[in-house]
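Every chain is numbered from 1, with letters handed out A, B, ... down the list of sequences.
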2 protein chains.
Amino acid sequence: MKDKRTAILEATLKLISERGFHGTSMQMVADIAKVGAGTIYRYFENKEDLLSKLYVELKIEFSEVLLANYDSTLSFRGRFHNLWKNMVHYSIDNPQKTAYMEQYTNSPFCDHTMEEIHKKYFSKVANFINEAITQEVIKDVPIDIIAIFTFETAVALAKKHSNGMINLNDENIEIAVNMCWDALKK
Amino acid sequence: MKDKRTAILEATLKLISERGFHGTSMQMVADIAKVGAGTIYRYFENKEDLLSKLYVELKIEFSEVLLANYDSTLSFRGRFHNLWKNMVHYSIDNPQKTAYMEQYTNSPFCDHTMEEIHKKYFSKVANFINEAITQEVIKDVPIDIIAIFTFETAVALAKKHSNGMINLNDENIEIAVNMCWDALKK
DNA sequence: TATTAAAGAATGAATGTTCATTCCGAAATT
DNA sequence: AATTTCGGAATGAACATTCATTCTTTAATA
């Protein structure tokens with residue numbers, strides 16, 4: 001039988017991605033997780049702790065996906081294409097996780113504590129970018145600006161796809177990744 | 001003395017941008033607006049209605065800012081630069097409004113009703129983009145993809161600036177708008 | 001048997017909303 | 001001009017409900 005902590009996290013993800021923070025009570029989480037309400041407090045300090053732990057776990061998973069097929073024999077452009085497409089495919093395939101992360105990021109829950117988490121888990125991606133800058137393959141621009149053009153566009157595209165507002169088929173993904181690369185390349 | 005409806009909207013903006021939906025009660029709004037709690041319900045059906053009306057008003061204001069200095073004698077590139085910079089400057093100068101809109105967009109409050117609102121108020125911007133596509137100045141790509149590369153990057157940059165995570169000085173803005181144009185141009 | 005885990009009813013604080021009442025300016029009446 | 005009447009805007013205490021969290025009891029485990 002599934003571990004209760006995991007069941008609680010999965011229930012939280014499902015409920016909050018569909019109904020938002022304000023629309024999700026601890027009782028609902030307990031019901032969906034098929035767990036007593038009090039049990040949640042054996043695994044998490046309180047609601048805020050639960051939300052924050054879930055966010056961090058999702059971000060770590062996300063950061064690992066990005067470099068899943070990293071291949072240093074490829075050109076920077078090739079590696080970037082892989083990384084970017086990984087991001088889009090993950091976001092499309094996991095709409096609830098994407099919605100949750102976006103919601104959390106834009107809430108006051110997400111304080112400056114999270115910056116360190118981001119720095120820590122995305123350090124390899126940062127190294128890759130910095131290397132590309134050093135080798136004058138992409139523009140010499142503050143890395144946070146590069147990150148925005150890379151991450152935000154991919155996630156936003158996937159969100160709009162999940163909303164049914166655009167159709168992100170392979171052709172459109174190819175178009176988009178090339179637009180992104182055009183923005184970055186020297 | 002300031003009109004009460006406006007006072008309520010301003011209080012809501014301030015509180016929710018700082019404390020989020022869940023952290024803002026109607027009583028708090030009433031206190032900040034210096035209004036009785038019941039008075040809110042003379043102007044808005046309920047909390048959801050208040051949040052939605054505020055969002056629509058902000059979006060309309062935003063859409064008007066974009067084309068404030070529209071000048072059809074300029075090149076497409078020139079017009080795009082103006083539009084994009086308007087967006088960034090507005091987002092930087094109005095961090096609370098930006099935070100509120102982002103929070104609302106990523107919440108389940110924001111349903112498909114809002115799509116029509118967006119379509120309506122951003123139609124002039126859409127016309128501009130479509131014209132640029134027709135004249136083969138920018139890539140022939142679904143307009144929603146263009147929109148994401150334009151809007152999301154600008155707003156995300158401004159948000160990170162307001163967080164203190166990057167410093168969006170004039171130089172960086174110039175860099176960023178050029179990156180954006182590189183993504184779009186044919 | 002002793003210890004830990006789980007459950008879910010109980011609790012008290014907080015929330016959105018309502019509604020009986022007050023207030024205020026303008027019109028009507030004297 | 002002075003007084004009364006009137007309408008609706010504004011109020012905020014009161015209400016039912018919901019919520020996060022705690023507590024007590026029961027079950028499982030070693």
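Each salt bridge (Lys or Arg N to Asp or Glu O under 4.0 Å) pair with one or both residues in residues 18-33 of chain B, not counting sequence neighbours, appears once here: Lys14(B)-Glu18(B).
A donor and an acceptor atom, one from each side chain of Asn178(A) and Lys139(B), are nowhere located under 3.5 Å apart. A side-chain donor-acceptor contact under 3.5 Å links His112(A) and Glu115(A).
Between the CD1 atom of Ile40(A) and the C1' atom of dA20(D) there is a distance of 10 Å, rounded to whole Å.
With sequence neighbours excluded, the residues that form a salt bridge (Lys or Arg N to Asp or Glu O under 4.0 Å) with Lys185(A) are Asp182(A).
A cation-pi arrangement is absent between Arg77(A) and Phe80(A), since the terminal nitrogen or guanidinium carbon is not both under 6.0 Å from the aromatic centre and inside a 45° cone about the axis.
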task = Going 5' to 3' through nucleotides 2-17 of chain C, assign each nucleotide B (protein heavy atom under 4.0 Å from a base atom), S (under 4.0 Å only from sugar-phosphate atoms) or - (no protein heavy atom that close).
result = ---SBBB------SSB
